[in-house]
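Quick notes on the structure that follows.
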Amino acid sequence: MMNQNKLPYDKNSRASIVKYAKGLLGKTLRQVLGGNIKQQYSGKGKLGQLVEKLYFQYEPNSDSLPDFPEASLELKTSPLKQIRKGLRSKERLVLNIIDYLQEYKKTFEQSSFWKKNACLLLMFYIHEDGVLDIDLMFRIIRQWDFPPEDLKIIKDDWQKIIDKIKNGKAHELSEGDTLYLAACTKGKNKTSVRSQFGTEILAKQRAFSLKSKYLNFIILDSLGKAETTQEMTPVVKNISDYARQETYEEHVIKKFSPYYGKSVDEIAQIFKIGTVSKGKIYILAAAILGVKGRKIAEFEKADVEMKTIRLEKSGALKESMSFAQIKYKEILDEKWETSYWHSVLTKRFFFVVFQKDGQDVLRLKKVMFWGMPAQDLEITKKFWNDTKRKIEEGDFEHFIKISDNKICHVRPKGRDSSDLMPTASGRMEGKRCYWLNALYIKKIVLQE
DNA sequence: GCATGATCATGC
DNA sequence: GCATGATCATGC
């Protein structure tokens with residue numbers, strides 16, 4: 001360890017550490033430390049180590065304690081990407097690895113997650129391909145304490161993860177299980193497995209993480225983009241809104257239940273919102289949740305995918321659920337874990353289920369949150385690999401069909417059959433998209 | 001009745 | 001103009 005007297009900050013003081021950290025704001029490590037430092041590390045996750053070692057002058061550790069233990073402050077660097085509308089999070093923020101054999105024994109307050117990450121020193125930098133870590137510019141540097149409303153949801157999330165571990169189901173964890181705090185895979189997927197409680201089945205190594213969309217909220221707040229965050233209204237303005245022991249999801253479902261059995265028009269009348277076109281059911285949902293405008297803040301931050309489901313009188317589900325187009329060129333460069341289809345299927349879903357009555361009027365039947373179980377995700381991985389391989393080979397005739405019963409399928413979707421998209425070989429092919437099979441959705445909706 | 005192909009409505 | 005969410009149409 002360095003002689004603490006020489007440190008340019010007071011390691012016992014959060015304020016001092018944060019203030020010193022801000023010396024990097026708008027700058028790169030090279031600019032601040034001089035041009036003669038060598039790139040000592042390269043690759044993923046190394047910028048954080050460089051900041052710790054070169055700027056804060058302590059040796060990086062993999063302690064269960066925060067990086068600045070005396071000040072209970074955990075340092076995290078995280079990349080930003082430029083999109084048309086401004087800066088956004090490039091990826092999830094990965095926190096500490098979950099010890100499946102220990103974490104479940106603890107309360108939230110004693111948990112490894114909370115001990116290490118209760119207070120974060122966030123350092124967002126602008127990601128650039130092919131640029132050395134020491135040449136990346138820091139754009140946002142701030143202390144982050146979770147607001148009480150967010151912390152409530154994070155506690156619910158943590159509990160949900162713990163419940164699975166307690167039940168010997170760590171191998172079934174998925175990012176789609178939770179809202180803000182997720183159990184994301186960490187390490188090389190095939191080889192990084194760990195033993196878990198209560199069963200011999202090995203589970204993928206996972207770490208607590210904050211979802212990328214949640215970080216966006218921090219980023220917009222930090223950049224003073226109030227106009228963007230104000231478009232979003234939270235369902236829960238204050239944690240005192242919760243009934244005792246109620247989770248966020250239970251709270252949301254409770255708000256919908258008085259409208260079960262009512263038609264779309266009836267609900268629209270109650271909230272005086274005029275005619276609601278099909279495909280705009282989220283307007284109804286926002287109204288029911290008391291959200292002015294169109295964006296439900298918690299759903300945005302958790303990246304919840306809201307979908308309408310229509311059941312026939314009989315309870316049958318007529319239609320499969322469509323998603324985005326398959327980009328024939330882009331998919332060739334994708335890996336499963338970072339692919340579009342994987343990112344959709346690991347989201348948390350919010351299903352708004354309607355059913356036709358005797359007069360063919362759609363009535364709200366129920367709402368539910370859902371995340372795809374890990375076993376199913378494995379099946380969709382096979383589906384995706386098969387689809388990618390066929391696109392690679394230029395075989396557009398034999399995609400997996402709904403009758404193959406592989407949870408999802410490929411089907412045309414375009415303006416009409418002459419709506420084409422170029423393939424890597426330069427040939428034009430009809431546009432197609434990913435679908436979730438109707439039968440699969442039906443099972444989910446009817447199981448609860 | 002279901003699988004599959006095809007297309008509509010809307011908003012950015 | 002186009003992607004997306006959603007639904008229609010047809011034939012087996």
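Naming convention: chains lettered A, B, ... in sequence-line order (proteins, then strands); numbering from 1 in each chain.
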Discussion item. Taking A:V235's backbone N and O only, do any of them form a donor-acceptor pair with A:E298's side chain (distance below 3.5 Å, no angle check)?
Written reply: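 Side chain of A:E298 to backbone of A:V235: a pair is present.
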Practice prompt. Indicate yes or no for a side-chain donor-acceptor contact from A:K413 to the backbone of A:W435 under 3.5 Å, with no hydrogens or angles considered.
Written response: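 Looks like no, no N/O pair under 3.5 Å.
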Practice prompt. Under 4.0 Å from any atom of DNA chain C, heavy atoms only: list the residues of residues 311-322 of chain A that qualify, in numerical order.
Written response: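 Nucleic-acid contacts, sorted: A:K318, A:E319, A:S320, A:S322.
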Fill in: Of residues 422-437 of chain A, the positions that come close to DNA chain C - non-hydrogen atoms, cut-off under 4.0 Å
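Result for residues 422-437 of chain A: A:K431, A:W435, sorted by number.
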Between [X] and [Y] (salt bridge meaning N to carboxylate O under 4.0 Å), is one present in this structure?
X	Y	answer
A:K160	A:E249	yes
A:E378	A:K204	yes
A:D150	A:K301	yes
A:R142	A:D221	yes
A:E266	A:R363	yes
A:K155	A:E109	yes

Please give, in whole Å, the distance from [N] [atom2] to [X] [atom1]?
X	N	atom1	atom2	value
A:D416	C:dT7	CG	C1'	16 Å
A:D404	B:dT4	CG	C1'	12 Å
A:F350	C:dG5	CZ	P	17 Å
A:I281	B:dG11	CD1	C1'	16 Å
A:L362	C:dT7	CG	C1'	12 Å
A:I309	C:dT7	CD1	P	11 Å
A:Y282	B:dT10	OH	P	12 Å
A:F396	B:dG5	CZ	P	14 Å

Worksheet item: For residues A:E103 and A:S112, is any side-chain donor paired with an opposing acceptor at under 3.5 Å?
Response: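 Yes, A:S112 and A:E103 have a side-chain donor paired with an acceptor closer than 3.5 Å.
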Worksheet entry | First of A:V410 and A:R84 reached from the 5' end of DNA chain B, by closest nucleotide |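 Mapping each residue to its closest nucleotide by heavy atoms, the 5'-most match is A:V410.
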Worksheet item: Which sits closer to the 5' end of DNA chain B, A:I402 or A:S417, going by the nucleotide each is nearest to?
Response: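 Looking at the nearest nucleotide for each, A:I402 comes out on the 5' side.
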Considering just the side-chain nitrogens and oxygens of [X], establish if one lies under 4.0 Å of OP1 or OP2 belonging to [N].
X	N	result
A:S403	B:dT4	yes
A:K401	B:dA3	no
A:R415	B:dA6	no

Fill in: Base of C:dG5 paired with side chain of A:K413 (donor-acceptor, under 3.5 Å)
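Pair found.
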Select one nucleotide: of [options], the one nearest the side-chain heavy atoms of [X].
X	options	result
A:Q325	B:dA6, C:dA6, C:dT4	C:dT4
A:T308	B:dT7, C:dA6, B:dT4	C:dA6
A:K307	C:dT4, B:dG5, C:dA6	C:dA6

Worksheet item: Relative to the 5' end of DNA chain C, which residue comes earlier, A:M421 or A:R411, by the nucleotide with the nearest heavy atom?
Response: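 It is A:M421, whose closest nucleotide lies nearer the 5' terminus.
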Item to complete: Check whether any side-chain heavy atom of A:L87 sits under 4.5 Å from a side-chain heavy atom of A:Q82, and report yes or no.
Response: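 The answer is yes; the side chains approach within 4.5 Å.
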